[in-house]
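First up is the structure itself, then whatever we jot down about it.
Quick caveat, the model's predicted, so the values are computed rather than measured. We count residues from 1, following the sequence as given.
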Amino acid sequence: MINSNIKVLLLKVILTIILINTNVAYCQSTKNTDTRPNIIFILTDDQRADTIKKYMPVTYKEIFLKGTVFTNHFATTPICGPSRISILTGLYTTEHGMLDNADQEKPSLNEYSIAKRLKDSGYYTGHVGKFHNTSDGKYSPNRKSEYNYWVAHRGGSARYTDLVINENGKFSRKRGFYVTEFWNRKALQFLDNAKKQHKPFFLTLSHNAPHSPALPDKAYEKRYNIREIKDVPSFLDIKDTGKPSWVNVQKQYFISKKKQLNKKKKNIKLFAGKQLATLMSIDDGVKKIVKKLKKLGLYENTVLVFMSDNGLMWGEHCLQSKNNTYEEATRIPLAISYPKDRTLFPAKDVDEITANIDMAPTFADLAGIKKEDFENEVSGISLLDVIKGNNLRDGILLQGSWNNSSLVYSGYHTKDYVYSETGHTKFKELYNIKLDPYELLNLANEPKYSDVQNELQAKLYNELAIHDPQGGHSKICR
């Protein structure tokens with residue numbers, strides 16, 4: 001009887017050991033052993049660089065104060081579709097072929113997308129929000145193939161309500177949703193899904209706001225008074241001279257409509273105020289994302305990136321556009337924070353010249369993708385190198401087109417100057433950004449600045465020879 005009891009006891013012990021070992025093996029198999037950082041890239045639409053601190057307090061605290069702020073960051077082509085493809089590919093518009101919003105994205109670009117590179121390297125990838133103006137995920141039977149999780153507008157819509165959504169391949173109309181809150185909700189859903197994957201993740205959260213029509217959530221529609229938006233020297237300045245013909249056309253309109261000038265000033269400021277109010281909902285989303293990351297135990301190992309696709313003119317030089325070389329259009333906000341390693345993105349300002357084309361190589365660098373497998377296929381540089389003081393540039397190429405010969409432009413922007421040529425006449429502009437931040441005085445062809453102009457022109461032509469070897473812009477100008 002004793003021997004029988006001993007046998008039963010031994011059998012139980014053996015079974016217990018087997019169960020424990022099996023459970024340990026299971027836990028080890030399901031635990032994420034890939035320690036590469038998660039990446040959340042929050043992208044806004046038409047947000048100026050001067051709208052963060054005052055109007056997005058959570059974003060400012062969580063990302064800008066705790067991370068690296070790039071104070072000389074630019075959109076190489078400041079318009080939605082082209083800029084977004086440049087972000088994903090690390091290429092200039094003349095290299096990826098999407099010159100303006102009307103152009104269709106080429107299916108082959110999926111092969112060059114940073115999302116595909118990260119997915120192929122083991123990341124769980126997701127996109128929530130606007131992709132670009134002509135895409136709704138049509139290059140895959142159910143979603144864009146480089147994403148595991150896909151929620152986007154049909155055709156890059158700018159709607160704030162009554163949404164038509166492609167959610168992982170299925171279209172549906174979402175009534176009663178405010179777009180920013182909807183994107184925020186789907187981003188949180190992605191994080192819940194990502195937690196179950198046991199691998200690092202990459203999420204692009206791409207907001208409509210503050211793009212026109214800039215419809216704020218009801219909670220914030222009366223939050224900001226237009227009196228907070230101060231006039232700058234270039235605001236509706238009809239005396240401003242030294243601009244190309246297309247800008248002068250805008251000025252002539254205001255000169256001939258002087259009686260309407262005050263009304264126009266008010267309308268521009270009302271729109272700017274609406275844009276600022278839409279940012280509060282994005283800020284709410286950042287707060288919810290940080291809270292969710294902490295709840296899921298993902299916060300420490302997640303890189304948080306905040307950027308805009310381009311800026312926007314608020315009446316400077318009588319303009320309300322963005323596809324040009326002026327500061328309000330090209331200069332964009334960027335900050336990156338990484339809680340796990342504050343030395344990687346230290347809490348400081350970096351004034352080196354950086355651009356939207358640098359995002360793809362930066363994400364690749366964070367993911368440990370070998371540079372020799374990547375850097376020869378992009379024109380951007382890794383911001384990790386910039387922070388270390390390596391691989392720096394003295395300026396960045398600016399280029400754009402509105403499918404009109406008088407509006408094709410190219411430029412070269414340094415820390416101190418911006419030089420540009422516009423239209424078939426190659427109208428020249430040169431501004432000393434340090435001394436003339438509102439670009440009121442065109443120094444082109446001024447004898448005193450001839451050496452500076454010649455140097456910047458040579459650098460511009462050299463960049464075009466590298467990144468626009470077929471002379472695409474020149475051909476359009478003829």
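Annotation: F201 is not in aromatic contact with Y149 [ring centroid separation under 6.0 Å not met]. Centroid-to-centroid, the aromatic rings of Y419 and Y412 stay 6.0 Å apart or farther. H127 and F131 have their aromatic ring centers within a separation under 6.0 angstrom. For Y124 and F190, the distance between ring centers is under 6.0 angstrom. The aromatic ring centroids of H317 and Y326 lie less than 6.0 Å from each other.
Partners of H73 by side-chain hydrogen bond (donor to acceptor under 3.5 Å, both in side chains), not counting sequence neighbours, listed by chain and number: T354. A search for side-chain hydrogen bond (donor to acceptor under 3.5 Å, both in side chains) contacts involving T76 returns N356, not counting sequence neighbours. Checked against side-chain contact (heavy atoms from CB on, under 4.5 Å), K119 has the following partners two or more places apart in sequence or in another chain: T125, N148. Not a single side-chain contact (heavy atoms from CB on, under 4.5 Å) links K61 to another residue, sequence neighbours left out. With sequence neighbours left out, the side-chain contact (heavy atoms from CB on, under 4.5 Å) criterion links V378 to P361, F374. In this structure, the salt bridge (charged side-chain N to carboxylate O under 4.0 Å, His left out) partners of E62, at least two apart in sequence or on a different chain, are K66. Applying the side-chain contact (heavy atoms from CB on, under 4.5 Å) test to P437 and every residue at least two apart in sequence or in another chain returns nothing. Taking E328 as the reference, nothing meets the salt bridge (charged side-chain N to carboxylate O under 4.0 Å, His left out) condition, with sequence neighbours excluded. Annotation: side-chain hydrogen bond (donor to acceptor under 3.5 Å, both in side chains) contacts of N462 (sequence neighbours excluded): none.
Residues K186 and E167 are paired through a salt bridge, judged by an N-O separation under 4.0 Å between the basic side chain and the carboxylate.
The stretch residues 330-348 participates, sequence neighbours left out, in these salt bridge (Lys or Arg N to Asp or Glu O under 4.0 Å) pairs: E327-R331. Residue pairs meeting the salt bridge (Lys or Arg N to Asp or Glu O under 4.0 Å) criterion with at least one member in residues 267-287, sequence neighbours excluded: D231-K269. Applying the ring pair (Phe, Tyr, Trp, His ring centres under 6.0 Å) rule to pairs touching residues 334-367 yields F41-F363, F202-F363, sequence neighbours excluded.
Counting non-hydrogen atoms of neighbouring residues, nucleotides and ligands closer than 6.0 angstrom, the NZ atom of K53 reaches no more than 12 such neighbours.
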